[in-house]
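Only heavy atoms go into these numbers, but all of them, side chains included; no hydrogens, no water, no symmetry mates. Everything numeric in this text was worked out from a predicted model, so none of it was measured.
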Amino acid sequence: MEKARRKFILGGAALGVAAAVPLLRPKALGQGGHSNYFQNISKALDAAGFSGPTMVVDLNRLKANADVLSGHLRGHFDYRIVAKSLPALGLLETVAKQTGTQRFMVFHLPFLRQLAQSQPQADILLGKPLPIAAAKSFYSSPPTSGFNSALQLQWLIDSPMRMQQYAALANNIGQKLRINIELDVGLHRGGVSDAQSLTKMLNIIQAEPLLSLSGFMGYDAHAAKMPGILGGPERAIDRGLNIYSQRLEQAKRIIGEQFPKELTLNGAGSPTYQLYKSRSISAPCNELAAGSCLVKPTDFDIPTLDDHRSAAFIASPILKRLPQTQIPGLESLTGAMRWLNPNREQTFFISGGYWKALPESPKGLSINPIYGRSTNQEMLNASNQVALKEDDWVFLRPTQSESVFLQFGDIAVFNGEEIIEQWPVLSNS
């Protein structure tokens with residue numbers, strides 16, 4: 001009797017599992033080929049003779065995103081372009097013209113050299129502290145464009161030790177240096193985090209005639225993703241701005257009557273810049289920095305950027321199409337895996353791969369989690385509902401822009417109908 005009962009229970013469990021498996025199978029994704037938008041980009045790439053992995057920027061969307069940003073900032077804050085997120089002179093010049101700014105934030109010595117040489121009118125703020133060796137290198141071979149570093153360049157300093165280094169450099173080269181002080185407003189990635197450190201730094205500036213305080217910078221990328229249980233983005237922004245205000249008031253007390261009337265008080269970033277609009281009266285900042293939101297990689301698919309559109313895509317041609325997906329050593333399971341997940345029915349090998357990017361078009365493409373990644377021929381899978389063949393283009397969206405943009409050579413500029421320009425990217429060496 002007990003044996004029969006166990007068989008009944010086990011049999012029922014097996015039937016339950018068998019019944020559940022079809023319900024757990026993912027739905028086959030895909031609706032044919034590309035949308036009209038990506039068909040147009042494909043035709044433009046073909047007409048222009050492209051044949052390998054290419055970064056494509058939609059010029060119309062780029063300008064529209066710049067207009068959205070300007071609309072939020074206009075009358076409230078000045079705008080500073082983050083060069084690392086838009087690492088091509090064509091991108092930077094287009095955004096500068098569209099937004100009416102000549103303020104740039106630079107994070108790398110090679111980028112600093114190139115912007116100072118090509119944009120002699122630029123107002124440049126470093127976005128991170130550079131080793132003193134980098135500053136020495138910059139002054140050992142200054143730009144010949146007419147860029148005046150004593151008036152147009154602000155070095156970001158994060159500690160009393162680094163301030164002492166830059167003071168020594170100023171004396172060694174006999175060059176005035178403008179100093180912007182980095183504040184820790186909650187990100188905890190360095191910067192001044194206590195009153196004692198700020199006092200020491202300001203005292204060094206006051207004691208050194210070749211140093212001048214040009215402003216403060218507080219970056220708050222953490223705020224946009226702060227969970228509700230910890231107060232959410234709004235509370236994180238308010239905490240950061242409160243810290244910023246306290247440091248600014250401390251500086252005014254220490255410097256007294258000699259406190260500069262005009263300072264660069266920089267804040268925000270792409271994820272948080274829109275949160276400042278309602279705080280324009282209370283916020284101590286007078287300018288905001290952003291860059292990635294203008295091309296909107298996938299990491300920036302967040303509520304604070306809902307009114308921005310993706311404007312950058314990686315295009316790569318299909319080299320091989322296979323009607324099945326076979327995993328080496330597991331060939332006997334090909335049919336079972338295909339049945340368990342219909343989105344593994346087809347295989348496409350593209351040119352290049354393993355980028356910080358996600359498949360975008362056609363819908364239904366995915367990266368195989370078992371086969372392994374490849375920078376040479378990446379495997380993508382899809383159901384039979386996706387219609388692609390060899391030499392067709394597939395499109396991926398970068399997850400970020402700053403490093404990904406530098407991997408493809410010149411950027412192909414799409415105007416909605418054709419590729420109208422190719423913008424060289426900035427050199428990172």
Side-chain angles (χ1 to χ4, degrees), residues 17-18 20-35 37-39 41-42 45-46 50-56 295-301 310 312-409 411-412:
V17 170
V21 167
L23 297 177
L24 296 175
R25 291 174 66 205
K27 180 181 178 180
L29 303 176
Q31 297 178 346
H34 294 297
S35 64
Y37 177 75
F38 286 104
Q39 284 182 27
I41 300 180
S42 295
L45 290 169
D46 289 338
F50 285 85
S51 62
T54 304
M55 179 63 69
V56 179
V295 288
K296 199 178 183 182
T298 63
D299 284 353
F300 295 82
D301 287 341
S310 55
F313 306 96
I314 298 169
S316 180
I318 294 174
L319 302 180
K320 306 166 186 175
R321 176 194 171 276
L322 304 177
Q324 73 283 321
T325 299
Q326 290 186 308
I327 307 299
L330 300 177
E331 290 85 355
S332 61
L333 300 178
T334 296
M337 288 191 289
R338 180 174 181 169
W339 182 83
L340 287 170
N341 188 349
N343 295 299
R344 301 275 182 259
E345 288 176 326
Q346 294 189 84
T347 291
F348 304 100
F349 286 97
I350 63 173
S351 180
Y354 212 166
W355 304 293
K356 287 181 177 292
L358 300 173
E360 176 71 10
S361 184
K363 298 298 182 185
L365 291 174
S366 63
I367 297 169
N368 192 292
I370 301 174
Y371 189 84
R373 306 298 301 274
S374 173
T375 58
N376 179 41
Q377 297 182 66
E378 182 90 279
M379 173 194 276
L380 298 178
N381 291 142
S383 74
N384 284 334
Q385 294 183 25
V386 174
L388 287 172
K389 62 184 184 302
E390 284 87 350
D391 296 339
D392 283 347
W393 295 95
V394 299
F395 296 91
L396 303 93
R397 272 183 71 197
T399 59
Q400 60 164 244
S401 58
E402 51 205 59
S403 67
V404 181
F405 272 47
L406 301 177
Q407 300 178 43
F408 301 90
I411 294 171

Nearest heavy atoms of [X] and [Y], plus distance in Å:
{"X": "Ser35", "Y": "Ser361", "value": "N-OG, 4.4 Å"}
{"X": "Gly30", "Y": "Gln385", "value": "O-OE1, 2.7 Å"}
{"X": "Gly364", "Y": "Leu29", "value": "CA-CB, 3.8 Å"}
{"X": "Ser401", "Y": "Pro297", "value": "N-CG, 3.7 Å"}
{"X": "Ser316", "Y": "Ser351", "value": "OG-O, 2.6 Å"}
{"X": "Glu378", "Y": "Tyr354", "value": "OE2-N, 2.8 Å"}

Practice item. Please check if the side chain of Thr54 supplies one atom and the backbone of Gly52 the other of a donor-acceptor pair under 3.5 Å. Key: yes
Review point. Is the side chain of Glu360 donor-acceptor paired with the backbone N or O of Lys363 at a distance under 3.5 Å, no angle test?
Key: no
Gap between atom [atom2] of [Y] and atom [atom1] of [X] - 0.5 Å precision:
{"X": "Thr334", "Y": "Gln326", "atom1": "OG1", "atom2": "CD", "value": "4.5 Å"}
{"X": "Asn341", "Y": "Asn368", "atom1": "CG", "atom2": "CG", "value": "9.0 Å"}
{"X": "Ile367", "Y": "Ser374", "atom1": "CD1", "atom2": "OG", "value": "11.5 Å"}

Review point. Can you pull the salt bridge (charged side-chain N to carboxylate O under 4.0 Å, His left out) pairs that have at least one residue in residues 332-354, sequence neighbours excluded?
Key: none
Review point. Please, which pairs that meet salt bridge (charged side-chain N to carboxylate O under 4.0 Å, His left out) have at least one residue in residues 391-404, sequence neighbours excluded?
Key: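 Non-adjacent pairs meeting salt bridge (charged side-chain N to carboxylate O under 4.0 Å, His left out): Lys84-Glu402, Asp301-Arg397, Lys389-Asp392.
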Review point. By salt bridge (charged side-chain N to carboxylate O under 4.0 Å, His left out), which residues pair with Lys27, not counting sequence neighbours?
Key: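 Salt bridge (charged side-chain N to carboxylate O under 4.0 Å, His left out) list for Lys27, sorted by chain: empty.
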**Study point:** For Lys356, all residues meeting salt bridge (charged side-chain N to carboxylate O under 4.0 Å, His left out), sequence neighbours excluded
**Key:**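 With neighbours one apart ignored, the set is empty.
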Point to revise | Criterion side chain to side chain contact (heavy atoms under 4.5 Å, CB included) on Ser42 and His34, from CA distance to verdict | key: CA-CA 9 Å; Ser42 295; His34 294 297; 4.0 Å; yes
**Study point:** Listed partners of Arg321 passing side chain to side chain contact (heavy atoms under 4.5 Å, CB included), at least two apart
**Key:** Pro323, Gln346, Phe348, Glu390
**Study point:** Partner residues of Ala312 under the side chain to side chain contact (heavy atoms under 4.5 Å, CB included) criterion, sequence neighbours left out
**Key:** Met55, Val57, Val295, Phe405
Measuring only between side-chain heavy atoms, which start at C-beta, is [X] closer than 4.5 Å to [Y]?
{"X": "Ile314", "Y": "Val404", "answer": "yes"}
{"X": "Ser51", "Y": "Pro317", "answer": "no"}
{"X": "Phe300", "Y": "Ser310", "answer": "no"}
{"X": "Tyr37", "Y": "Phe313", "answer": "yes"}
{"X": "Leu319", "Y": "Ile350", "answer": "no"}
{"X": "Thr298", "Y": "Pro398", "answer": "no"}
{"X": "Leu358", "Y": "Leu396", "answer": "no"}

Practice item. Carefully, step by step, assess Trp339 and Arg25 under the rule side chain to side chain contact (heavy atoms under 4.5 Å, CB included). Key: CA-CA 8 Å; Trp339 182 83; Arg25 291 174 66 205; 3.9 Å; yes
Review point. Around atom CZ of Phe349, are there more than 12 heavy atoms of other residues, nucleotides or ligands at under 6.0 Å?
Key: yes
Review point. Is the CD atom of Gln31 crowded by more than 12 outside heavy atoms at less than 6.0 Å?
Key: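 Not buried by this count: 12 neighbours or fewer within 6.0 Å.
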Check your understanding: Without hydrogens or angle criteria, can the side chains of Asn381 and Ser366 be said to hold a donor-acceptor pair below 3.5 Å?
Key ->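 No, no side-chain donor-acceptor contact under 3.5 Å.
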Review point. How are the rings of Phe408 and Trp355 set relative to one another: parallel (under 30°), tilted (30 to 60°) or perpendicular (over 60°)?
Key: tilted
Check your understanding: Using 30° and 60° as the class limits, which term best fits the ring planes of Phe395 and Phe38: parallel, tilted or perpendicular?
Key -> tilted
Point to revise | Audit row: Leu380, Thr347, side chain to side chain contact (heavy atoms under 4.5 Å, CB included) steps and yes/no | key: CA-CA 6 Å; Leu380 298 178; Thr347 291; over 6 Å; no
Exercise for review: Please report the C-alpha distance between Val56 and Ile411 in whole Å, then the side-chain angles of each, then the deciding distance to 0.1 Å, and finally whether the side chain to side chain contact (heavy atoms under 4.5 Å, CB included) criterion is met.
Suggested key: CA-CA 6 Å; Val56 179; Ile411 294 171; over 6 Å; no
